[in-house]
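Here is the structure we will look at.
Basis for what follows: all heavy atoms, side chains included, without hydrogens, waters or symmetry-related copies. Fair warning: this is a prediction, and the values are worked out from it, not measured in the lab. Letters go in sequence order (proteins before strands), and every chain restarts at 1.
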Amino acid sequence: MIILDDVCFAYDDRPILSHLTETIEPGQAVLLTGPNGSGKSTLLRLLNGLIFPQLGTYTFDGTVITTAKMRDHRYSKWFHQRIGYIWQHPDSQLFCSSVREELAFGPVQMGLPSEDVKKRVDDALELLGLTKLADRAPYSLSGGEKKRTAIASILTMNPQIWTMDEPESYLDADGLTWLEDFLPSLKAAGKTLIVATHHAGIIQKIIDKEIHL
Amino acid sequence: MKLPEWVQREETYNPGRDRDYFISRSLLRLVSVLKALRQQHGPSRWNVGAGPALITTLVMILLIVLCRTMAFLWAVLAGELVLLAFHPGRQLRTTLAAALAASAVCAVIVTPALFLGNGRHVFLLPCKTCLTVLCLMLLQQNVSWHKLTAALRTFHVPSLVIFILDTTLRYIAILGQESAELLTALKLRSVGHNPDKKAALSGVAGMMLQKSQRLSQDLYEAMRCRGFTGEYHVYDEGKRRALSPATGVLLLMLLSYVYLFVRLEGVLS
């Protein structure tokens, strides 16, 4: 469970999150809305333990997330496996030399047996229609293909909570239809979804809560 | 949509003890560079003209290099410390640390001169190094890099060179931001034991190379679309700016130091 209690965050003297109090239950689908610069991405970064509340507390499954807590390597690795982050720009997320390697990076790190890694990679490639691109370098892909690779690279880690920053960006009409189908399936599998988007339609059918910033 | 069976169950993952200091350290370094670049865009402490500041710095460095007595160096140190006293504590610490580190390196390099009977310079050269670095740091902290490159026009540096310098600064910021994001993504997905840390980091470096190549090509094409044919003209508003009080004080300081140099070094005698 995620509990944000009176969370405040500012960049220099510019307040971004102001006294935010929210609770997100496991399995919920949460929509983050608000105009550009309202703090959607900042909130996602905070939920992923990349930045920390300057006032108030962020509690994740009973543990208060602080700088000191995230310095505990064992906890921080466990935490980052539990919560996956899809970046707005896929270029910010892809760093391996091939799509297949990109997808295998997480499961290999988690120490899964090689047959499990292969199964996860193959399943994810098929699910996201990337099989033909498996040996291509991520930088040589189109925007939509990169986005799908980024989603697949998180899928293979199987996080329990998915945080997504404008997941629809770079996707074409087919990609959007696929995403509208994919998100309910994730929710049906018991995953928690926290989606920041300007196109609420992609998550509208399954939404449990809306946080307007 | 039917998800694979492994997606539908909850992961029971227990990470090992592998550490990833290399990512954290690289990230910290990058973030500090980016912070320095962002601070460059804030309002400057004193409204000092970039051209006079650049000229003052160059002349002062020349005087420091040419002087042969400690008296002039003490006078310069006094002036620089007065200017530094107006800086916030953290900036002051960074500046002094850089200057002292540079003079320590210089001291190590010139130490053999002590044993070869040229002891006087063993003290003089590290002092000169310290003052030169302080001078440059003062310039860097009080005039934005963008204004500095623009001030190069005073020295009739071709506009294309100034444009290249400006673009370089902009790309340091853009690529720095991108590599910070890539390293953060790497950190987020480094959830276990990474047997080949160098490969992951070289992947980030490779991606940055690709991005910089793409960015430069995009920029060139965008410039061509806007009529660039190889010659770059800088837009000048054509207004003559009045000398600000801070610039006046700076030029007065420069003249005083030139006078001091002439008197203390006995240039005219």
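With respect to the salt-bridge test (charged N to carboxylate O, under 4.0 angstrom), the residues A:Lys40 and A:Asp165 do not qualify.
Taking B:Glu5 as the reference, B:Arg9 meet the side chain to side chain donor-acceptor pair (under 3.5 Å) condition, with sequence neighbours excluded. Residues passing the ring-ring contact (aromatic ring centres under 6.0 Å, His included) test with A:Phe9, sequence neighbours excluded: A:Tyr11.
When the candidates A:Thr156, A:Asp116, A:Asp91 are compared by the number of heavy-atom contacts under 4.5 Å with chain B, A:Asp91 comes out ahead. For the set A:His89, A:Arg120, A:Glu101, the count of heavy-atom pairs under 4.5 angstrom toward chain B peaks at A:Arg120. For chain B, the option among A:Glu126, A:Gln93, A:Met110 with the highest count of heavy-atom pairs below 4.5 Å is A:Met110.
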Inset, instruction - Test salt bridge (Lys or Arg N to Asp or Glu O under 4.0 Å) on B:Lys211 and B:Glu181 and set out the steps. - result: CA-CA 13 Å; B:Lys211 278 183 188 183; B:Glu181 283 184 354; over 6 Å; no
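With hydrogens and angles disregarded, no donor-acceptor distance shorter than 3.5 Å links the side chain of A:Arg45 to the backbone of A:Leu50. Between the A:Thr57 side chain and the A:Val64 main chain, no donor and acceptor come within less than 3.5 Å of each other. Put simply, the side chain of B:Gln8 gets close to the backbone of B:Leu3: a donor and an acceptor are under 3.5 Å apart. A donor-acceptor pair is defined here as one N or O able to donate and one able to accept, closer than 3.5 Å; such a pair exists between the side chain of A:Ser169 and the backbone of A:Gln88. B:Thr247 contributes a side-chain N or O that, together with a main-chain N or O of B:Gly49, makes up a donor-acceptor pair within less than 3.5 Å. Remark: the backbone N or O of A:Glu102 is paired with a side-chain donor or acceptor of B:Arg189 at under 3.5 angstrom. No donor-acceptor distance shorter than 3.5 angstrom exists from the side chain of A:Lys119 to the backbone of B:Trp6, with no hydrogens or angles considered.
Heavy atoms closer than 4.5 Å to chain A are found in both the backbone and the side chain of B:Glu10. Interface remark: A:Trp87 contributes side-chain atoms only to the contact with chain B (heavy atom separation under 4.5 Å).
Interface residues of residues 136-155 of chain A toward chain B, defined by a heavy-atom distance below 4.5 Å and sorted by number: A:Tyr139, A:Lys146, A:Ser153, A:Ile154, A:Leu155. Heavy-atom proximity under 4.5 angstrom to chain B picks out A:Trp178, A:Asp181, A:Phe182, A:Ser185, A:Leu186, A:Ala189, A:Lys191 from residues 176-194 of chain A.
Exactly one of A:Arg74, A:His80, A:Arg82, A:Gln81 qualifies for a side-chain contact (heavy atoms from CB on, under 4.5 Å) with A:Trp78. That residue is A:Arg82.
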